[in-house]
Amino acid sequence: MSDAFTSVYSYTRAQAIDDGVLIDATNMATEVGIRYPVAITDRLYHEYIVPSLDLAKQGQSIEGRLWDTLMVFRHTAAATSGNLIYFTVTFQTSSKESGEPVLTTIHLKALCHGGDQGEPVITIMLPEED
């Protein structure tokens with residue numbers, strides 16, 4: 001057998017966090033009472049967790065928006081069984097037309113799965129993400 005066929009490459013969760021594909025939210029998740037490591041996708045982070053400059057001026061923060069997301073997940077997970085959980089979070093966003101603050105409800109999903117060493121980990125993402 002050729003050496004070219006014996007090498008298998010896998011992209012690990014740790015690499016995804018290092019590359020910024022996933023954002024590690026474990027520290028805050030622990031404070032919220034979630035016992036497994038948690039990461040969120042970069043798309044969820046940049047589109048909803050990071051507030052616009054206008055919203056930041058009004059007191060919105062990454063920490064507050066992440067805290068809210070993790071709390072809603074925790075409460076939904078406590079009332080749900082299974083490794084795939086769907087939930088909704090309402091964020092203050094800016095209207096595309098007027099720039100005024102509006103409330104936007106988004107749907108999210110969380111998957112509890114095996115991490116790099118087979119340990120349980122949670123990934124929170126938008127419904128269309130894998």
Side-chain angles (χ1 to χ4, degrees):
M1 184 186 267
S2 168
D3 287 337
F5 294 107
T6 60
S7 176
V8 175
Y9 177 78
S10 66
Y11 189 60
T12 67
R13 182 179 178 89
Q15 288 171 315
I17 290 170
D18 287 345
D19 291 346
V21 173
L22 293 176
I23 310 300
D24 188 1
T26 301
N27 289 339
M28 188 174 289
T30 301
E31 291 178 33
V32 168
I34 300 168
R35 60 183 172 173
Y36 299 138
V38 175
I40 62 173
T41 61
D42 65 331
R43 184 169 163 220
L44 170 59
Y45 182 78
H46 292 289
E47 289 183 20
Y48 294 100
I49 302 299
V50 176
S52 68
L53 292 176
D54 289 338
L55 291 173
K57 289 177 187 174
Q58 297 174 29
Q60 293 285 308
S61 68
I62 292 170
E63 294 79 12
R65 293 162 78 92
L66 180 57
W67 180 273
D68 291 348
T69 301
L70 294 170
M71 284 297 288
V72 172
F73 164 72
R74 180 178 170 249
H75 288 291
T76 304
T80 309
S81 63
N83 67 333
L84 181 60
I85 297 171
Y86 291 91
F87 62 105
T88 59
V89 178
T90 301
F91 289 101
Q92 188 174 11
T93 59
S94 297
S95 167
K96 290 183 183 1
E97 294 83 31
S98 68
E100 294 295 315
V102 295
L103 294 178
T104 303
T105 300
I106 63 163
H107 298 275
L108 299 175
K109 70 179 178 183
L111 180 63
C112 184
H113 54 100
D116 295 343
Q117 307 303 315
E119 74 285 8
V121 297
I122 299 166
T123 305
I124 300 175
M125 63 198 94
L126 296 166
E128 63 276 8
E129 294 183 294
D130 292 330

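Owing to the predicted nature of the structure, the values given are computational and were not obtained by experimental measurement.
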Restricting to side-chain hydrogen bond (donor to acceptor under 3.5 Å, both in side chains), what partner residues turn up for His113, sequence neighbours left out?
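His113 satisfies side-chain hydrogen bond (donor to acceptor under 3.5 Å, both in side chains) with Thr123 once adjacent residues are dropped.
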Which residues share a side-chain hydrogen bond (donor to acceptor under 3.5 Å, both in side chains) with Thr30, sequence neighbours left out:
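Scan of Thr30 (side-chain hydrogen bond (donor to acceptor under 3.5 Å, both in side chains), adjacent residues dropped) gives none.
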[X] [atom1] to [Y] [atom2] distance, which is reported to the nearest 0.5 Å:
X: Ile40; Y: His46; atom1: CD1; atom2: NE2; answer: 8.5 Å
X: Ile85; Y: Arg74; atom1: CD1; atom2: CZ; answer: 12.5 Å
X: Glu31; Y: Glu63; atom1: CD; atom2: CD; answer: 10.5 Å
X: Leu108; Y: Phe73; atom1: CG; atom2: CZ; answer: 10.5 Å
X: Thr90; Y: Asp68; atom1: OG1; atom2: CG; answer: 10.0 Å
X: Asp54; Y: Glu100; atom1: CG; atom2: CD; answer: 9.5 Å

Please check: side-chain N/O of Ser10 versus main-chain N/O of Thr12, any donor-acceptor pairing under 3.5 Å?
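The answer is no, because no donor-acceptor pair under 3.5 Å joins these two groups.
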Is it the case that one hydrophobic cluster holds both [X] and [Y], taking links as side-chain heavy atoms less than 4.5 Å apart, direct or via other members?
X: Ile49; Y: Met125; value: no
X: Val50; Y: Val72; value: yes
X: Leu22; Y: Ile34; value: no

Atom [atom1] of residue position [X] - does it have more than 12 heavy atoms of other residues, nucleotides or ligands inside 6.0 Å?
X: Asn27; atom1: CG; value: no
X: Leu53; atom1: CG; value: no
X: Glu128; atom1: CD; value: yes

Quick one: closest heavy-atom pair of [X] and [Y], and the distance?
X: Ala29; Y: Leu70; answer: N-CD1, 3.7 Å
X: Arg65; Y: Gln92; answer: NH1-O, 2.9 Å
X: Thr69; Y: Phe87; answer: O-CE1, 3.9 Å
X: Ser94; Y: Ser52; answer: OG-OG, 3.6 Å
X: Val121; Y: Tyr36; answer: CA-CB, 4.4 Å
X: Pro37; Y: Pro120; answer: CD-O, 3.4 Å

Please report the C-alpha distance between Asp24 and Thr26 in whole Å, then the side-chain angles of each, then the deciding distance to 0.1 Å, and finally whether the side chain to side chain donor-acceptor pair (under 3.5 Å) criterion is met.
CA-CA 6 Å; Asp24 188 1; Thr26 301; 2.6 Å; yes
Are side-chain heavy atoms of [X] and [Y] found at a separation under 4.5 Å?
X: Gln58; Y: Pro101; result: yes
X: Ile122; Y: Leu111; result: no
X: Val21; Y: Thr41; result: no
X: Leu103; Y: Phe91; result: no
X: Glu47; Y: Leu126; result: yes
X: Ile62; Y: Tyr45; result: yes

Would you please test Thr88 and Thr105 for side chain to side chain donor-acceptor pair (under 3.5 Å) and show each step?
CA-CA 6 Å; Thr88 59; Thr105 300; over 6 Å; no
Begin from the C-alpha positions of Ile23 and Ile17 and carry the test side chain to side chain contact (heavy atoms under 4.5 Å, CB included) through to its verdict.
CA-CA 6 Å; Ile23 310 300; Ile17 290 170; over 6 Å; no
Does the pair Glu119/Arg13 count as a salt bridge with the N-to-O cut at 4.0 Å?
no
